[in-house]
Amino acid sequence: MFNTIDDLEPGQRLLVRFDLNAPVEDGTVQDNRRFARHAETLRELLEAGHAVAVLAHQGRPGRDTFVSLEQHAEILADHLDRDVDFVADTFGEDALAAIDGLEGGEVLVLENARMCDEELPEEEPEVKADTEFVQTLATEFDAYVNDAYSAAHRSHASLVGFPRVMDAYAGRVMEQEYTANSSIQEREFDGTVTMALGGTKAEDLIPVIEGVDDTVDRFCLGGIVGELFLRAAGHDVGYDVEGTDFFDEQWDDQRETIERILEEYEDSLHLANDLAYEGEDDERAEVDVEGLEKETSYLDVGSDTAETYADLVCESEAVFVKGALGVFEDERFADGTVSVLEAIAETDCFSVVGGGDTSRAIEMYGLDEDDFGHVSIAGGAYVRALTGEPLVAVEVLEDAAE
Ligand SMILES: Nc1ncnc2c1ncn2[C@@H]1O[C@H](COP(=O)(O)OP(=O)(O)OP(=O)(O)O)[C@@H](O)[C@H]1O
Ligand SMILES: O=C(O)[C@H](O)COP(=O)(O)O
């Protein structure tokens with residue numbers, strides 16, 4: 001087990017890793033559940049008199065979501081109802097000067113860690129610990145706190161490097177998510193177990209199907225992941241159209257695996273039989289999978305599919321959700337995601353809803369969190385925990401405690 005912030009000495013200078021990765025619409029960062037959860041950890045640390053520098057990431061280089069953390073500092077400030085400083089630098093001179101001026105009870109957000117070249121390449125913790133990024137920041141603080149459970153599956157410098165070179169502790173979100181998600185993995189169910197898989201990150205989800213196949217009886221696919229499976233099944237969908245970069249790269253990387261899984265799991269995979277898109281007059285329009293066209297951007301599963309998936313949920317003893325079945329942020333394309341969530345809320349099945357973005361649908365559509373077993377702000381990390389696969393950033397925290 002790891003040490004937690006309960007084990008911290010008083011009045012420390014802390015480097016705290018959050019996961020504030022959020023949707024970005026037209027350059028504007030959207031508040032999601034992660035801010036509220038991490039703000040609670042932050043409040044506790046500041047009230048205890050610690051000086052806190054926040055390290056976090058947003059998007060990936062080359063994507064529209066790869067932006068500065070300046071807006072994230074403002075959103076955190078709104079949650080805390082106090083000032084949150086920001087410096088547009090991570091470990092250079094400006095960052096070090098700002099860190100130097102940090103007093104107990106104050107907080108400073110550092111710039112997007114993924115703007116540093118040494119952050120992203122997936123490498124062993126020892127290699128990350130040796131980077132200039134980690135070596136420079138480590139000397140500025142008494143201890144490192146990792147609260148970013150939802151990024152704990154990534155072997156990035158800010159997640160795995162620091163615990164190798166300094167005292168390291170788990171924050172409240174890390175502790176709570178780790179406990180909840182690990183206990184789910186050990187549960188056994190007598191009845192049917194259904195998993196709804198959607199969202200944009202096919203490469204995170206595909207290994208999950210094989211990892212949980214002894215527990216999960218059927219998989220309902222939607223979102224980008226579902227469209228890639230439809231493409232493998234021979235339908236004219238799952239191709240990038242102007243302005244999207246979801247499909248072609250993932251298809252090239254995952255094609256063989258998708259085709260194999262489609263064949264091996266024929267009986268347990270449920271693919272959409274209709275999809276929705278933006279039709280004339282900007283209205284939602286729908287089409288059966290036989291009528292799909294490569295040039296159209298499909299934004300949700302169709303109503304027939306949504307109804308079928310909701311029925312499957314109602315017959316289940318346990319339901320796991322990871323990733324949205326459509327672009328639920330736009331009301332016209334929320335039907336698939338919301339139908340599944342409503343079906344869970346109406347029945348008394350055990351349920352877990354995961355995903356930094358997906359979990360936001362619960363409050364957006366007025367559902368009651370109490371109707372769900374566990375709502376996780378983690379996506380990739382939560383599904384890996386379900387398969388029993390270790391999370392590298394948790395492992396280094398555990399090593400640090402020994
Ligand atoms: N057909 C689609 N086209 C474009 N975007 C889609 C489609 N279906 C779902 N999405 C988007 O997928 C997003 C959620 O997927 P994502 O992979 O980011 O999962 P997540 O739930 O946030 O998990 P994580 O924590 O891993 O990021 C939603 O914001 C939704 O708009
Ligand atoms: O949003 C997430 O799932 C985490 O922040 C990890 O982000 P990534 O999938 O871009 O590595």
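Numbering of ligands and ligand atoms starts at 1, following listing order. Side-chain atoms are counted along with the backbone in the values below, which use heavy atoms only and exclude waters and symmetry mates.
In this structure, Q71 contributes its side chain and V29 its backbone to a donor-acceptor pair below 3.5 Å. Side-chain atoms of T4 come within 3.5 Å of backbone N or O of D6 as a donor-acceptor pair.
Annotation: the span from K128 atom NZ to D130 atom CG amounts to 11.0 Å, rounded to 0.5 Å.
Stacking of R17 on the aromatic ring of Y144 is not recorded, the 6.0 Å distance cut-off and the 45° axial limit not both being met. With Y239 as the aromatic partner, R231 meets the cation-pi criteria of under 6.0 angstrom to the ring centre and within 45 degrees of the ring axis.
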Starting from the C-alpha separation in whole Å, work towards a yes-or-no answer on side chain to side chain contact (heavy atoms under 4.5 Å, CB included) for L367 and D371. CA-CA 8 Å; L367 294 158; D371 290 330; over 6 Å; no
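A salt bridge does not link R13 to D142: none of the charged side-chain nitrogens sits closer than 4.0 Å to a carboxylate oxygen.
Within the structure, side-chain hydrogen bond (donor to acceptor under 3.5 Å, both in side chains) contacts touching residues 272-291 (residues at least two apart or in different chains) are N273-D304, N273-T305, D274-T305, E278-R332, R284-E286, R284-D300, E286-S303. Applying the side-chain hydrogen bond (donor to acceptor under 3.5 Å, both in side chains) definition to pairs two or more places apart or across chains, those involving residues 75-101 are D31-H79.
Residue-level contacts of ligand 1 at the 4.0 Å heavy-atom threshold are R34, G199, T200, K201, G223, I224, E227, F246, Y298, L299, K322, G323, A324, G326, V327, F328, E329, G355, G356, D357, T358, G379, G380. Listed by chain and number, residues touching ligand 2 at under 4.0 Å (heavy atoms only) are D19, N21, R34, H57, R60, R114, S150, R154, K201.
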